[in-house]
Amino acid sequence: MTVPDPCVDVLIASYLEQDLVDRIAACDPRIRVSYAPELLPRPRWHSDHIGVPRDLTAGEHDRWSSMLRTADVMFDFDWRHPERTLEQSPNLRWIQATSAGAGQLIEKFGLSRVPLTVTTAAGVHADPLAEFALAGILHFTRGLPRLIADRLTRTWRKQETTELAGRHALIVGAGKIGSRTAELLRCFSVTASGVARTPRPAGAPFDSMTTTDRIAEHLPAADILVISCALTDDTRGLIGRRELAALPDGALVVNLGRGPIIDEDALAEALSTGRLGGAVLDVTSTEPLREDSPLWTADNVILSPHSAANVPSENGKIVDLFVENLGRYLSGDAALINEFDFDAGY
C-alpha cells in the first residue's frame with residue numbers, strides 16, 4: 001500500500017455524533033476532518049446512515065461539492081451523487097462503508113472497477129443480527145404464536161411445545177454474523193454446520209464445515225436454515241423451491257443476508273402450506289416489501305424492514321473500525337480490515 005501524504009483529508013459523509021467525529025480527528029495529527037452535519041441528511045435514529053435528504057441552497061450545494069473535491073478518505077458514500085464519486089472527488093483513495101454488504105451499493109454506484117479502496121463494516125452488526133435470529137427462532141420453537149393467539153381470545157389450554165436443544169442449524173455464510181449466530185445457538189445446545197465459499201477446517205462455533213456447492217447434502221438435516229452470506233452472482237437464488245423442499249418438515253428459515261438469495265415466492269408457498277415452521281426475515285427480495293406479498297399476512301413470519309441491526313452502538317463500533325483502519329492506512333505497512341474484494345463481490 002502506498003504511504004499517504006503527510007496530511008489526509010477525511011470527509012464524514014453521513015451523520016455521526018460529535019464525540020465520535022472528535023475521536024476520529026484526534027486519532028492522528030495528520031488527520032484533517034471535515035464534517036458539516038447541516039449539509040447531510042437528517043438522521044431518523046441513532047446510527048441512521050441514510051436519513052432524510054435536505055433541500056440545500058445553491059450555496060450549500062457548492063460548499064458540499066468543495067468538501068468532496070478535497071477528500072482523500074470518506075466515511076460513507078456521498079449522499080447526493082454517489083454515481084459520480086471519482087468525478088467529484090478526484091483525490092479520493094478510500095471509502096469506509098457503513099454497511100457489511102456493500103457489494104450492491106458498489107455495483108449500483110458504478111464503482112466495481114475503479115482504482116479505489118473500499119472497506120466494509122463487516123462484523124459490526126453481528127451481535128444485533130444474531131440476537132434477532134435467536135429471538136425469532138425461539139419465538140417459533142417455544143410456541144409463542146399460539147400463546148399470543150390464545151391470550152387474545154382468552155383461551156386457557158395446556159399443550160406441549162418444542163425445544164431448541166438437540167436441533168441442528170445450517171448457516172450459509174460462516175463469517176462474523178453467521179459465527180455469532182452459531183455461538184448463541186450453541187448456548188441452547190444447537191449444533192451448527194457452517195457453509196463457506198471455499199473449504200476451511202471445522203472449528204468452534206461450528207461443529208462441521210462445508211462449501212456452497214454442497215449445500216444440498218446438508219439440507220435434509222437442517223432444522224434451522226440461516227442465511228448470512230453476501231449477495232453475489234453465485235448466491236442469488238441459492239435457496240429455491242428444490243432447496244426448501246429438501247428441508248425437514250417444520251424447519252425454520254432465517255434470512256439475515258439479502259432477500260434475493262432466497263426464492264421469495266417459493267418460501268411464501270412453503271410457509272402457507274405449513275410445511276415450514278416459520279421464517280424470520282430481516283430482508284426481502286424487494287424493499288419495501290411489495291404490497292401484495294403474502295408475507296405481510298402470514299402468521300408464521302417475523303418480518304423486519306431491514307432494520308434488525310439498527311442499534312445505538314452501531315456508530316461507535318464503525319468508528320472503532322475506522323480509527324483502526326486509519327492507523328493502518330497512515331502506516332502504509334498493514335492491510336486494511338474488511339477490504340472489499342471486487343472479484344468475490346464482498
Side-chain angles (χ1 to χ4, degrees), residues 1-43 46-100 102 105-106 108-112 114-122 124 314-332 336-340:
M1 180 183 297
T2 303
V3 178
D5 295 332
C7 288
V8 175
D9 287 303
V10 175
L11 175 61
I12 309 298
S14 65
Y15 174 78
L16 278 182
E17 295 88 338
Q18 187 59 51
D19 64 311
L20 296 178
V21 176
D22 294 341
R23 184 170 170 230
I24 294 170
C27 75
D28 192 285
R30 292 168 288 180
I31 296 293
R32 293 185 301 213
V33 172
S34 297
Y35 180 55
E38 67 276 11
L39 303 181
L40 299 175
R42 295 180 180 86
H46 280 289
S47 307
D48 181 12
H49 301 287
I50 297 176
V52 180
R54 296 179 190 267
D55 292 324
L56 302 184
T57 65
E60 288 172 331
H61 274 294
D62 289 343
R63 183 180 167 207
W64 182 245
S65 295
S66 177
M67 295 170 73
L68 287 168
R69 277 195 298 273
T70 60
D72 299 307
V73 176
M74 286 175 60
F75 181 92
D76 219 343
F77 298 93
D78 173 40
W79 67 275
R80 284 188 322 175
H81 302 294
E83 74 284 354
R84 293 166 49 190
T85 292
L86 294 188
E87 171 191 343
Q88 58 194 6
S89 301
N91 299 329
L92 189 64
R93 302 175 183 176
W94 163 35
I95 297 176
Q96 171 66 59
T98 56
S99 63
L105 293 178
I106 289 171
K108 178 181 177 181
F109 301 156
L111 300 175
S112 297
V114 297
L116 182 67
T117 296
V118 177
T119 50
T120 75
V124 164
E314 180 183 1
N315 273 351
K317 291 179 179 179
I318 298 174
V319 168
D320 287 344
L321 176 62
F322 187 45
V323 167
E324 171 65 25
N325 267 340
L326 278 170
R328 294 174 177 228
Y329 178 75
L330 290 165
S331 71
L336 300 185
I337 301 169
N338 293 344
E339 185 168 345
F340 184 81

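Just so it is clear, the structure is predicted and the values come from calculations on it, not from any experiment.
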Trainee: Should L39 and E60 count as side-chain neighbours, where that means a heavy-atom distance under 4.5 Å?
Mentor: yes
Trainee: Donor-acceptor pair, distance only, cut-off 3.5 Å: does the side chain of Q96 make one with the backbone of T120?
Mentor: yes
Trainee: Using salt bridge (charged side-chain N to carboxylate O under 4.0 Å, His left out) as the criterion, list what pairs up with R63, not counting sequence neighbours.
Mentor: E38
Trainee: So with a 6.0 Å cut-off around CG of L86, is the heavy-atom count from everything else above 12?
Mentor: yes
Trainee: Do F322 and T119 come close enough that some side-chain heavy atom pair is under 4.5 Å?
Mentor: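 F322 vs T119: side chains apart.
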Trainee: Who passes salt bridge (charged side-chain N to carboxylate O under 4.0 Å, His left out) against D320, sequence neighbours left out?
Mentor: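 D320 satisfies salt bridge (charged side-chain N to carboxylate O under 4.0 Å, His left out) with R23 only.
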Trainee: Who pairs with P43 by side-chain contact (heavy atoms from CB on, under 4.5 Å), at least two apart in sequence or on another chain?
Mentor: Y15, D48
Trainee: Can you confirm whether N325 sits close enough to R328 that some side-chain heavy atom of one is under 4.5 Å from a side-chain heavy atom of the other?
Mentor: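 Yes, side chains in contact.
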Trainee: Are any non-hydrogen side-chain atoms of N338 and L321 less than 4.5 angstrom apart?
Mentor: yes
Trainee: Using 0.5 Å steps for rounding, measure from the CG atom of N315 to the CG atom of L20.
Mentor: 6.0 Å
Trainee: For the side chain of N91 and the backbone of R69, is there at least one donor-acceptor N/O pair under 3.5 Å apart?
Mentor: yes
Trainee: Just how far is it from atom CG of D76 to atom OG1 of T98, taken to the nearest 0.5 Å?
Mentor: 3.5 Å
Trainee: Compare all side-chain heavy atoms of I31 with those of V73 and state whether any distance is below 4.5 angstrom.
Mentor: no
Trainee: Short question: side chain of D72, backbone of V8 - any donor-acceptor pair under 3.5 Å?
Mentor: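 No; judged by distance alone, with no hydrogens or angles, the pair does not exist.
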Trainee: Could you tell me if the side chain of D78 sits less than 4.5 Å from the side chain of F109, heavy atoms only?
Mentor: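 The answer is no, as the side chains (C-beta and beyond) never meet within the 4.5 Å cut-off.
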Trainee: Would you say that V319 contacts L16 through its side chain, given a criterion of any heavy-atom pair below 4.5 Å between the two side chains?
Mentor: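 Of all side-chain heavy-atom pairs linking L16 with V319, at least one is under 4.5 Å.
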Trainee: Could you work out, with side-chain contact (heavy atoms from CB on, under 4.5 Å) as the rule, every residue matching E87, not counting sequence neighbours?
Mentor: R84
Trainee: Side chains of K317 and S47: does their closest heavy-atom pair fall under 4.5 Å?
Mentor: no
Trainee: Checking side-chain contact (heavy atoms from CB on, under 4.5 Å) against M74, which of L116, L68, V10 comes through?
Mentor: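 It is L68, the one option of L116, L68, V10 that forms the side-chain contact (heavy atoms from CB on, under 4.5 Å) with M74.
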Trainee: Closest approach of F77 and A13, non-hydrogen atoms and distance?
Mentor: O-CB, 3.7 Å
Trainee: Without swapping roles, check the side chain of T70 against the backbone of M67 for a donor-acceptor pair under 3.5 Å.
Mentor: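 Yes, T70 side chain to M67 backbone: donor-acceptor pair under 3.5 Å.
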Trainee: Whether the side chain of R32 engages the backbone of D9 through a donor-acceptor N/O pair (distance < 3.5 Å, no angle test) should be reported.
Mentor: no
Trainee: Tell me the closest heavy-atom pair linking C27 and L326, and the distance in Å.
Mentor: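 Here C27 and L326 meet closest at SG-CD1, 3.9 Å.
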Trainee: Specify whether W94 and Y329 have parallel, tilted or perpendicular ring planes, treating 30° as the upper limit for parallel and 60° as the lower limit for perpendicular.
Mentor: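 Ring orientation of W94 relative to Y329: tilted.
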Trainee: Partners of A25 by side-chain contact (heavy atoms from CB on, under 4.5 Å), sequence neighbours excluded?
Mentor: V33
Trainee: Using 0.5 Å steps for rounding, measure from the CG atom of L92 to the OG1 atom of T85.
Mentor: 7.0 Å
Trainee: Could you tell me which residues satisfy side-chain contact (heavy atoms from CB on, under 4.5 Å) with H46, sequence neighbours excluded, listed by chain and number?
Mentor: E17, P312
Trainee: Do side-chain atoms of E324 reach the backbone of I337 as a donor and acceptor pair under 3.5 angstrom?
Mentor: no
Trainee: When you measure from the side chain of S66 to the backbone N and O of D62, does any donor-acceptor pair fall under 3.5 Å?
Mentor: no
